[in-house]
Amino acid sequence: VQLQASGGGLVQAGDSLRLSCAASVRTFRDYGLGWFRRGPGKEREFVARISRGVGGTDYADSVKGRFMISRDNAKNTVWLQMNSLKPEDTAVYYCAANRYSSGRRVADYDYWGQGTQVTVSS
């Protein structure tokens with residue numbers, strides 16, 4: 001499974017960005033998907049996840065109400081819509097996949113994208 005994340009950039013506080021992650025896998029609908037981020041000097045942390053199939057979602061408290069994760073199984077793509085961005089959202093964002101399940105831990109995922117930089121200026 002290969003994951004290709006894109007959509008990062010430099011924005012101002014309050015702006016929006018939409019990250020995309022395209023997966024090269026035949027059975028994309030069987031995979032739970034997640035977004036994580038690593039801010040400057042920080043550990044990689046959970047942002048959002050979406051389950052396989054119907055796609056139940058879960059968010060970190062720090063992004064709840066501002067970010068939305070979604071998927072299109074026909075396009076093998078997962079998105080992270082980020083609204084009302086804050087300087088503390090500055091990080092490298094990673095998409096991740098795991099067959100049949102998803103979770104909030106880095107160890108819950110077997111496959112990772114290369115990361116896309118999001119920088120939010122104040």
Verdict with reasoning, V78 to W35, per side-chain contact (heavy atoms from CB on, under 4.5 Å):
CA-CA 9 Å; V78 59; W35 285 97; 3.9 Å; yes

CA sep, side-chain torsions, deciding dist, call: M68, Y59, side-chain contact (heavy atoms from CB on, under 4.5 Å)
CA-CA 8 Å; M68 185 175 73; Y59 299 91; 3.6 Å; yes

How far apart are the C-alpha atoms of V25 and V1, what are their side-chain angles, what is the distance that settles it, and do they pass the side-chain contact (heavy atoms from CB on, under 4.5 Å) test?
CA-CA 6 Å; V25 62; V1 178; 3.9 Å; yes

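Residue R37 holds its CZ atom at 15.5 Å from SG of C95, rounded to the nearest 0.5 Å. Distance CG/L80 to CZ/R49: 14.5 Å, rounded to 0.5 Å. Atom-to-atom distance recorded for Q81:CD and S70:OG is 8.0 Å, nearest 0.5 angstrom. Distance CG/D89 to CZ/F67: 4.0 Å, rounded to 0.5 Å. To the nearest 0.5 angstrom, R52 atom CZ is 11.0 Å from N98 atom CG. The CZ atom of R71 sits 10.5 Å away from the SG atom of C21 when rounded to the nearest 0.5 Å.
No donor-acceptor distance shorter than 3.5 angstrom exists from the side chain of D30 to the backbone of Y100, with no hydrogens or angles considered.
Through direct or indirect side-chain contacts shorter than 4.5 Å among Ile, Leu, Val, Met, Phe, Trp and Tyr, F46 is connected to F36, V92, Y94, V106, Y109, W112.
Contact of the V118 side chain with the T90 side chain is not registered, since no non-hydrogen atoms from C-beta on lie closer than 4.5 Å. Looking at L19 and M82, their side chains come closer than 4.5 Å, going by heavy atoms from C-beta outward. A heavy-atom distance below 4.5 Å is found between the side chains of I50 and I69. Within the 4.5 Å cutoff, no side-chain heavy atoms of V11 are placed close to those of T119.
Scanning both residues, K75 and T77, for their nearest heavy atoms gives O-OG1, 2.8 Å. Here the closest non-hydrogen pair linking S102 and G32 is CB-CA, 3.9 Å. Across S16 and S84, no two heavy atoms sit closer than the pair OG-N, 4.3 Å. Nearest heavy atoms, A97 versus L33: CB-CD2, 3.7 Å. Closest approach of D108 and R104 over heavy atoms only: OD2-N, 3.2 Å. Of all heavy-atom pairs between L3 and A23, the closest is CD2-CB, 3.5 Å.
Using a cut-off of 4.0 Å between Lys/Arg side-chain N and Asp/Glu carboxylate O, E43 and R38 are scored as not salt-bridged. Ion pairing between a basic and an acidic side chain is recognised when a charged N comes within 4.0 Å of a carboxylate O; R99 and D110 show no such pairing.
The local environment of CD in E45 is crowded, with over 12 non-hydrogen atoms from other residues, nucleotides or ligands closer than 6.0 Å.
No continuous path of ILVMFWY side-chain contacts below 4.5 Å connects V63 to W79, so the two sit in separate hydrophobic clusters.
With sequence neighbours left out, D72 forms a salt bridge (charged side-chain N to carboxylate O under 4.0 Å, His left out) with no residue at all.
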